[in-house]
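What's counted below: heavy atoms across the whole structure, side chains too, no hydrogens, waters or symmetry copies. We name chains A, B, ... by the order of the sequence lines, and we start the count at 1 in each one.
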Amino acid sequence: MATLSYITSDIQAAVREKYGHELDVNDIILSPTKKEFEGDYTFVVFPLVKVLKFSPAQIAEELGQCIKANSRFVEDYNVVKGFLNLQLNQAFWQQCFEELSDEKFGQAGRNGKKMMVEFSSPNTNKPLHLGHIRNILLGWSVAQIAETRGYEVVKTQVINDRGIAVCKSMMAWKLFSGGATPESKGMKGDHFVGDYYVKFDKALQKEYAEWQDSGEADAQYDARHKDEESREGFFKRFKNDYFNLYSPIGRETKEMLLKWEEGDEETVALWKKMNNWVYSGFDKTYEALGVHFDSINYESETYLLGKESVNKGLSDGIFYRQEDGSVWVDLEDVGMDKKILLRSDGTSVYMTQDIGTAQMRYEEHAMDSMVYVVGNEQDYHFKVLFEILKRLGEPYADRLYHLSYGMVDLPSGKMKSREGTVVDADDLIKEVIDEARIASKERGAVSHLEAYKQEDIFRKIGLAALKYFIIKVNARKRMVFDPKESVDMQGTTGPYIQNAFVRIQSVLRKASQAEAVDMEGSNIYIYNEAEKELISQMIGFPEVLDEALRQYDPSHIANYAYGLAKSFHRFYHDHVIYDPENPDQSASRLELVKRISLIIEKAMSTLGIEMPDYM
RNA sequence: GGCCCCGUAGCUCAGCUGGAUAGAGCAACUGACUUCUAAUCAGUAGGUCGCACGUUCGAAUCGUGCCGGGGUCACCA
């Protein structure tokens, strides 16, 4: 039982005794008392006023008296308006401290539930970029948090390895590569393939520009442009139609897609070769970010799924067929639209595939819940998907969650591939580590270590800066990524938190070398205000984890870890931790800061951020 | 236009299911290192919480309507 819940029980008992009223413990909110008032925890009595029909001050006063008389932990109280401030005794803090001494503090027991988390889910025509990093960090963190709180977690991604976009890279490679490979060019495979995707677009663009001078182009413009639409604006909009209707290279690419779908040997071989290049590139990026997956779905294996369910839904009358043969679902009764599920030629669409994939996953993993980490531009898609799965009667349908996160903008505005402003993941990772190396060498605090250990520290610091910068922002919100700020190591940053950890390791090393403190046989030590505040913060950790999980939002943990590190830094500044002259105090404080470092390490590890021992 | 998300200090962000005088960091200025790591700490300055109503003992938080920004409304994924 968490120590703090003794206090809520005391309040509950006092309300029962004084007023004969039964309060639900969940309705009792205890918050840390604001600094400007006396006390440790505050209970707000206003909500009771209506029920009990006494003045707030009177209720607070009577409850305070009663609690003080009966609680083994409350030594005094004071009342300010409707706020009952409770002062807790040393026994309380001692008990909290024992609670913290549990090796597994924060870690919940297995709850027997399985959660599946889908994140990253890239296309194989481009390397990963900053947006993927946010996605990956969110997915990974949610998975870690869930695991910490007792879930069995399956981390998964669905790789978009097929379709017209992939064929574009393949076509460009066929046309322009002269047989080059990532090896021959000394390139990471995903970047290599990505370059051909860009080459394709350039070739198409060139072709398109020439076509625009043709009579057919004039005819199209005359026939289809909107009022007051410029030629330039029209042709920008028309590009996709050009690709489908006129482009020779477009026609060839579409033929390639058809060949792929028919299983043409040569096409499939090229496709495999190029995708494997991409995967080896992705693997390096994932490894650099410290993430991995338990299961991977390839779209090439799932894109035909879902048709059976749609047909079943059709015969059950959940869906309907139009004259042209296409199948639809009508969701207008719940405020959504009609949505197509099978094209008139019987082929499936994205939604169909997602239905099938969900079912396949359930058959395979029997998960209790499923989280999709996907950007908020797909909010509507998931609303519809979940509604359809519900109508199909899928047993897990009400335990699906779309973790919808905001786009990442640059200080200059949106990232645009056409303008070359997309921030590449690998470049970014390298940059933050380089920056950490420079800053660290300037300080010189790790120069005594071997070179490879130093490099490992630079890596940890750089990645901490990057990851923390992204994960500290509420997932739902659109965020601005300033490359300059992302390598900052002062203030609300990953390295600031790492520094608290490192300082603690440093003190612990010093104390253990001195061996002057008997950690076991120490007397009871009376905590000062700063120490109480630290303990109070620490015992809040499990609740923070639960809240982050409930909201699927790791930023709560990021903020919590910062708050704890900040309190520690102040404590460290104001108080001597290891003092050979004062063994009882030293023993207590050493144990205290050790617990802090464990919580910081645990909290940050749920965010995918590692702690160095030196920095 | 319909629906969804966002709007808090110059900038980037916190602020839990409504609770005391709205908080951090960055940037600016001032101070603190012969002492456990100064990637630190302490201080100064900076706000009609987009606007207006409403609900409430109490609203940054809940509701409605505006304003501003973004997204989405394809037989694309």
Side-chain angles (χ1 to χ4, degrees), chain A residues 26-27 29 31 33-34 36-37 42 44-47 49-50 56 80-83 85 123 160 163-165 240 299 303 322 324-328 335-337 340-345 347-351 353-354 375-381 383 404 406-407 409 411 414 436 439-440 442-443 445-446 461 465 469 472-474 476-482 484-485 488-500 502-511 543-544 547 550-551 555-556 558-559 562-563 566 568-579 586 589-590 593 614-615:
Chain A
N26 296 318
D27 293 338
I29 307 153
S31 44
T33 303
K34 300 235 171 205
E36 53 268 41
F37 300 99
T42 296
V44 184
V45 301
F46 285 108
V49 171
K50 224 174 226 164
V80 182
K81 293 191 270 180
F83 299 91
N85 302 317
N123 303 323
N160 260 286
I164 196 70
N240 204 35
E299 203 190 84
Y303 82 111
Q322 276 191 350
D324 63 2
S326 58
V327 177
W328 296 71
M336 292 182 246
D337 298 320
I340 189 160
L341 298 175
L342 286 180
R343 298 190 184 101
S344 46
D345 63 4
T347 56
S348 53
V349 294
Y350 186 35
M351 189 67 74
Q353 189 184 135
D354 272 1
N376 64 9
E377 74 272 17
Q378 293 196 38
D379 283 357
Y380 184 65
H381 172 78
K383 260 183 88 173
S404 157
M407 296 292 100
D409 288 335
K414 292 182 67 163
S440 185
E442 231 166 69
R443 281 163 51 86
V446 299
I461 296 172
F469 186 78
K472 74 175 177 186
V473 181
N474 185 310
R476 199 171 345 113
K477 290 188 178 173
R478 187 179 199 96
M479 70 172 286
V480 176
F481 182 89
D482 186 337
K484 282 203 292 286
E485 277 183 42
D488 270 355
M489 306 192 185
Q490 267 117 46
T492 316
T493 66
Y496 172 96
I497 299 167
Q498 288 178 319
N499 187 233
V502 165
R503 284 175 136 187
I504 293 171
Q505 302 318 306
S506 182
V507 181
L508 294 175
R509 273 195 300 271
K510 187 185 172 192
E543 218 173 292
V544 172
E547 189 60 12
R550 196 177 67 76
Q551 293 185 25
S555 70
H556 287 100
N559 290 319
Y562 171 74
K566 186 175 163 66
F568 165 76
H569 277 307
R570 186 176 26 226
F571 182 75
Y572 179 88
H573 178 268
D574 293 345
H575 304 279
V576 178
I577 291 163
Y578 171 62
D579 175 9
S586 293
R589 287 185 176 170
L590 285 166
V593 298
Y614 300 86
M615 69 188 289

_So A:Asp354, base contact, sugar-phosphate only, or nothing? Heavy-atom distance under 4.0 Å._
nothing
_Out of B:rC41, B:rA39, B:rG19, whichever nucleotide has its closest atom nearest the side chain of A:Val44_ = B:rG19
*Which nucleotide, in any strand shown, forms a Watson-Crick or G-U wobble pair with B:rG43, with both distances under 3.5 Å?*
B:rC29
_Sugar-phosphate only, base, or nothing, as touched by A:Ser440 at under 4.0 Å among non-hydrogen atoms_ = base
*Send over the distance from A:Tyr380 OH to B:rC4 C1', rounded to a whole Å.*
11 Å
*For B:rG23 and B:rG47, measure between their P atoms and round to the nearest Å.*
14 Å
*Would you tell me if any nitrogen or oxygen in the side chain of A:Arg570 comes within less than 4.0 Å of OP1 or OP2 on B:rA42?*
yes
*What's the CZ-P distance between A:Arg503 and B:rU40, to the nearest Å?*
8 Å
*Residue mapping more 5' on RNA chain B - nearest nucleotide basis, A:Asn123 or A:Asn376*: A:Asn376
*Just how far, in rounded Å, is P of B:rA20 from CZ of A:Phe37?*
9 Å
*Rounded to whole angstrom units, what separation is found between the CG atom of A:Asn85 and the P atom of B:rA20?*
12 Å
*Under 4.0 angstrom between A:Lys566 side-chain N/O and B:rG25 OP1 or OP2*: yes
*Paired with B:rU64 by Watson-Crick or G-U wobble geometry, both distances under 3.5 Å: which nucleotide is it?*
B:rA52
*Could you state the atom-to-atom distance from CG of A:Leu342 to P of B:rA74 in whole Å?*
18 Å
*B:rC76 phosphate, OP1 or OP2: any side-chain N/O from A:Tyr303 under 4.0 angstrom?*
no
*Can you check whether A:Met489 reaches A:Asn499 side chain to side chain, under 4.5 Å on heavy atoms?*
no
_What's the closest nucleotide to the side chain of A:Asp379 if the choices are B:rC4, B:rA39, B:rC16?_
B:rC4
*Answer yes or no: side-chain N or O of A:Asp337 and base N or O of B:rA74 forming a donor-acceptor pair under 3.5 Å.*
no
*Closest nucleotide among B:rC41, B:rC16, B:rA20 to the A:Lys34 side chain*: B:rA20
*Reckon A:Val576 touches a base, only the sugar-phosphate, or nothing at all at heavy-atom distances under 4.0 Å?*
base
*Which heavy-atom pair separates A:Ala558 from A:Ile497 by the least distance, and what is that distance?*
O-CD1, 4.5 Å
*asked:* Using OP1 and OP2 only, check whether a side-chain N or O of A:Lys472 sits under 4.0 Å from B:rA24.
replied: no
_Verify stack between A:Phe83 ring and B:rG19 base, 5.5 Å, 30 degrees_ = no
*Of all heavy-atom pairs between A:Gly406 and A:Asn376, which one has the smallest distance, and what is that distance?*
CA-ND2, 3.6 Å
*asked:* Can you give me the closest heavy-atom contact between A:Lys472 and A:Thr492, atom names plus distance?
replied: NZ-O, 3.5 Å
*What orientation do A:Phe481 and A:Phe469 show, parallel under 30°, tilted 30 to 60°, or perpendicular over 60°?*
perpendicular
*If you check the A:His573 side chain, which of B:rC3, B:rA14, B:rC41 turns out closest?*
B:rC41
*asked:* Using OP1 and OP2 only, check whether a side-chain N or O of A:His556 sits under 4.0 Å from B:rG15.
replied: yes
*Look at the side-chain N and O atoms of A:Arg476 and state whether any lies under 4.0 Å from the OP1 or OP2 oxygen of B:rC6.*
yes
*Using purine N1 to pyrimidine N3 plus N6-O4 or O6-N4 for Watson-Crick, or N1-O2 and O6-N3 for G-U wobble, each under 3.5 Å, what pairs with B:rC3?*
B:rG71
*Think A:Lys477 has a side-chain N or O under 4.0 angstrom from the OP1 or OP2 of B:rA14?*
yes
*A:Lys484 side-chain N/O to B:rC11 phosphate OP1/OP2 under 4.0 Å*: no
*Just wondering, more than 12 heavy atoms not from A:Arg476 lying within 6.0 Å of its CZ?*
no
_Counting only side-chain heavy atoms from C-beta out, which of B:rU72, B:rA77, B:rA39 sits nearest to A:Arg343?_
B:rA77
*Could you check how far CE of A:Met479 sits from C1' of B:rG25, rounded to whole Å?*
14 Å
*With a 3.5 angstrom cut-off on both distances, give the Watson-Crick or G-U wobble partner of B:rG18, or none if there isn't one.*
none
*Of the listed nucleotides B:rC36, B:rU21, B:rG25, the one nearest the side chain of A:Tyr562*: B:rG25
*When the distance from CD1 of A:Ile29 to C1' of B:rG18 is rounded to whole Å, what number comes out?*
9 Å
*Please state the P separation for the pair B:rA22 and B:rU44 - nearest whole angstrom.*
16 Å
_Using a distance-only criterion (donor-acceptor N/O pair, under 3.5 Å, no hydrogens), is the base of B:rA20 paired with the side chain of A:Thr42?_
yes
*Choose from B:rC3, B:rC41, B:rC26 the nucleotide whose nearest atom is closest to any side-chain atom of A:His569.*
B:rC41
*Go through B:rG19, B:rU8, B:rA20 for me and flag the one nearest to the A:Phe46 side chain.*
B:rG19
*Given atom CG of A:Asp579 and atom P of B:rC36, what is their separation to the nearest angstrom?*
13 Å
_For the CD atom on A:Glu377, are there more than 12 heavy atoms of other groups (residues, nucleotides or ligands in this structure) within a distance under 6.0 Å?_
yes
*B:rA77, B:rC3, B:rA14: which one has an atom nearest the side-chain heavy atoms of A:Glu299?*
B:rA77
*With heavy atoms under 4.0 Å as the rule, sort A:Val473 into base, sugar-phosphate or nothing.*
sugar-phosphate
*Which of these nucleotides, B:rA39, B:rA77, B:rC36, is closest to any side-chain atom of A:Met489?*
B:rA39
